[in-house]
Amino acid sequence: MIIDFDERKFRNEIKSIAKKYGAKSSDAEMVATMALSIVMKSSKPVK
């Protein structure tokens, strides 16, 4: 599957979800960073 991935939008969505569950801003940023890392590790570049 190929998707058009917007890193900034992804980060913002993850932070928004984390904050809804009570995460502090710094914790939400850490969750977003970890989630992005997982996406990058489980993906491969498309040429």
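Small disclaimer: the values here were computed from a predicted structure and weren't measured.
Rounding to the nearest 0.5 angstrom, the gap separating the CD1 atom in I38 from the OG1 atom in T33 is 11.0 Å. The structure places CD1 of I14 at 13.0 Å from NZ of K19, a figure rounded to the nearest 0.5 Å.
M34 and F5 fall into different hydrophobic clusters, where Ile, Leu, Val, Met, Phe, Trp and Tyr residues are linked whenever their side-chain heavy atoms come under 4.5 Å apart, directly or through other members. Transitive grouping of hydrophobic side chains (ILVMFWY, heavy atoms separated by less than 4.5 Å) keeps F10 and M30 in distinct clusters.
A search for salt bridge (charged side-chain N to carboxylate O under 4.0 Å, His left out) contacts involving E13 returns nothing, not counting sequence neighbours.
Considering only heavy atoms from C-beta on, L36 comes within 4.5 Å of R11 through its side chain.
Nearest heavy atom pair, residue A23 against residue A28, reads CB-N, 4.2 Å.
Panel note: side chain S43, backbone M40; no donor-acceptor pair is recorded below 3.5 Å.
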